[in-house]
Amino acid sequence: MTAILSARDLSAGYGESRVLRGIDLDILPGETIGLMGRNGMGKTTLIRTLIGLLPALQGQVLLDGADAAGLPAFARARKGIAVVPEGRGVFASLTVMENLRLAATTGEWTEARVLDLFPRLGQRASHRGNHLSGGEQQMLAIGRALMTNPRLLILDEATEGLAPLIRDEIWRVIRIVREAGVAVVVVDKTVSAVLSVVDRVVILVKGQIAWSGPPEILRADPGLMHRHLGVDA
Amino acid sequence: MLTGLIAQLLNGVQYGLLLFLISSGLTLIFGVMGVINLAHGSLFMIGAYLAFGVASLTGSLWLALPVAVLGGAVFGAVLERLLFRRFRTRAHLDQVLLTFALILLFEEGRSALAGNQFHSVPVPAVLDFSVPVIGGFGYSAYRLAVLAICLLVAAGLVWLIERTRIGSAIRAAAENTEMLNLLGFDAGRVHTLVFAGGTALAMLAGALAAPLQSVYPGMGDGFLILSFIVVVIGGLGSVAGAFWAALLVGLIDTLGKAYLPQAAGIAVCAMMAVVLLWRPTGLFSRT
Ligand SMILES: Nc1ncnc2c1ncn2[C@@H]1O[C@H](COP(=O)(O)OP(=O)(O)O)[C@@H](O)[C@H]1O
Ligand SMILES: [Mg+2]
């Protein structure tokens, strides 16, 4: 099975400062990956490089097995890569519906299905982005990403700063998306929640992959968790 | 007295609507691309000279209108691809230098092609009469036609921006081009579209204005300054704001010149100063 997105000996960063070093990663169709690591370890930088917002300084990003260097971010998005970025990226001056319809493509993820997934968005249909609560913005960002009918959905800190009930709602939707066969990459601080949904964990330490494996092994090894994530299980 | 006032009010509205055609592009280009285009007034001038050229060759102004719109769109797209694209993320001073250089270039080109004399463009024959308004008072049919065309264009533009998916993409590009790209839109194309549209509107305004005033060197300068005032009063980037601000500025400038000629020069600038102090985000901004 060809990976949707891969990194091959990938290095990237900002200007002179190299943040990522020698990353090798395959994101397979339908799999769910938890990308973990403490603050500043390079998770967001890796995502930005994979989706074409940052150039690779060394190594390659492959999309469907082909070098993606010449593909700008919008072209990668059209090939089925959707992102909910840190900070959500909801358009403040567009209404909920305008945000959703802007992203719409033909496919299974229709407006009706997204509104069914997040009933709250239907109630706020004509509100502008800047008049939504943080939770509603996050629902909109995820719903909008789904409207592009992605093969891969990448969520960068999607539950950060949200109330527990809304977090649960987001995790519920991530499970539904996963069940629908969409590949998912989640970056999230809530270790227990991540471990309960993902097929595989990838831990970044100082821009390198320090550990990668199934969540059960990580959960069973408190020392490993403590060392790499700074948390106790 | 009353008929004079009605004529001035109509003149003010018509002038304001012409200002809107220019300032809507200026405000969109600033809002979406972050570029201050000082050469926008020159585009208006080019439109007027184009109308003069077409009218001289064909004997009619009508052909000049579609030529200004289509030619403006192509010209704008080329300018954006070749020049403005590279200056989008540069400092405002660099943009000022670039667009000031364009003004000089356009004026030189105009001088070489059409000379430095004043020209007049005749009003199209079918509209060369006056429409009775009240009593014995009549108003130029051509001016009324300009007013109607500008209103149609304004309505179409507001509809495009506020009601269509392309309009949503344009507003989204003004906020966050990166996110727009992540949704699969080529934001660079949106920039080209906005610049092409803004250029087409400015050149259409020039073509429409040609029979109303002489066609002469630097004729865009006054329009550029008033358009910047419109953009500030309406709120940077807001097309709907620019519409109301353009009407306001057009009326105040026209009525001021008619009834208070000593103060007309500063009335509009004073208004801008008050707006900047009182509501710096513009009189018609949403927030
Ligand atoms: N725009 C930027 N310019 C320069 N350095 C940055 C920028 N963004 C992040 N960094 C640096 O890159 C490193 C990794 O950051 P990031 O990828 O955001 O980590 P994470 O998402 O894991 O918290 C950090 O040291 C951070 O300071
Ligand atoms: Mg991050």
Side-chain angles (χ1 to χ4, degrees), chain A residues 44 47-48 50-54 71-107 111 126-131 137 140-156, chain B residues 24 27-34 80-81 85-86 88-89 157-194 231 234-243 281-282 284-287:
Chain A
T44 298
I47 291 172
R48 290 177 65 83
L50 289 173
I51 63 181
L53 293 178
L54 280 176
L71 284 184
F74 74 83
R76 297 190 201 188
R78 285 180 195 172
K79 287 183 178 272
I81 316 296
V83 197
V84 175
E86 265 182 320
R88 303 166 191 142
V90 164
F91 296 115
S93 67
L94 270 59
T95 64
V96 167
M97 276 308 168
E98 285 170 342
N99 266 283
L100 290 177
R101 287 178 184 162
L102 186 59
T105 57
T106 45
E111 194 177 298
S126 59
H127 290 247
R128 293 189 188 276
N130 56 350
H131 290 251
Q137 285 189 2
L140 178 54
I142 297 173
R144 187 178 63 179
L146 291 172
M147 295 285 287
T148 67
N149 284 284
R151 291 181 292 154
L152 167 62
L153 175 65
I154 303 176
L155 300 141
D156 196 355
Chain B
S24 55
T27 203
L28 271 177
I29 288 166
F30 181 79
V32 174
M33 303 180 62
E80 197 276 334
R81 290 269 152 149
R85 167 156 305 197
R86 292 155 213 264
R88 210 166 63 71
T89 52
L157 188 62
V158 170
W159 173 80
L160 179 88
I161 300 286
E162 298 289 338
R163 292 276 177 272
T164 68
R165 189 156 177 246
I166 291 183
S168 293
I170 291 172
R171 283 181 288 147
E175 278 189 47
N176 186 343
T177 48
E178 191 171 287
M179 192 63 229
L180 190 62
N181 277 319
L182 292 181
L183 294 178
F185 280 82
D186 181 352
R189 278 201 179 186
V190 176
H191 292 148
T192 308
L193 178 77
V194 165
V231 168
L236 298 177
S238 165
V239 170
F243 180 77
T281 57
F284 304 97
S285 60
R286 281 204 189 88
T287 44

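Every chain is numbered from 1, with letters handed out A, B, ... down the list of sequences. Just so it is clear, the values below take in all heavy atoms, side chains as well, and ignore hydrogens, waters and symmetry mates.
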For a quick test of reading the model, state the closest non-hydrogen atom pair linking [X] to [Y] and the distance between them.
X	Y	result
A:A103	B:L183	CB-CD2, 4.0 Å
B:R165	A:L102	NH2-O, 2.7 Å
B:E175	A:L94	OE2-N, 4.2 Å
B:F185	A:F74	O-CB, 3.2 Å

- [ ] Nearest 0.5 Å please: distance from the CZ atom of A:R101 over to the OG1 atom of B:T164.
- [x]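 These two atoms lie 12.5 Å from each other.
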TODO: Drop me the distance from B:E162's CD to A:E98's CD, to the nearest 0.5 angstrom.
DONE: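 Between atom CD of B:E162 and atom CD of A:E98 there are 7.5 Å.
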Open item on the list: With chain B as the partner, which of A:K79, A:R76, A:R48 has the greatest number of non-hydrogen pairs under 4.5 Å?
Closed with: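 Winner by heavy-atom pair count: A:R48.
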- [ ] Could you tell me which of A:P72, A:G129, A:A145, A:A104 has the largest number of non-hydrogen atom pairs under 4.5 Å with chain B?
- [x]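 Maximum pair count with chain B is reached by A:A104.
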Task: B:D186: partners by side chain to side chain donor-acceptor pair (under 3.5 Å), with sequence neighbours left out - done: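 With sequence neighbours excluded, B:D186 shows a side chain to side chain donor-acceptor pair (under 3.5 Å) to no residue whatsoever.
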Open item on the list: Please classify the contact of B:I166 with chain A as side chain, backbone, both or neither, using a heavy-atom distance under 4.5 Å.
Closed with: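 Neither; nothing under 4.5 Å.
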Task: Min side-chain heavy-atom separation B:R171-A:F91 under 4.5 Å - done: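 B:R171 does not reach A:F91 side chain to side chain.
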Task: Beyond-backbone contact of B:L182 with A:T148, side-chain heavy atoms, under 4.5 angstrom - done: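 A side-chain contact is absent here, since even the closest heavy-atom pair is not under 4.5 Å.
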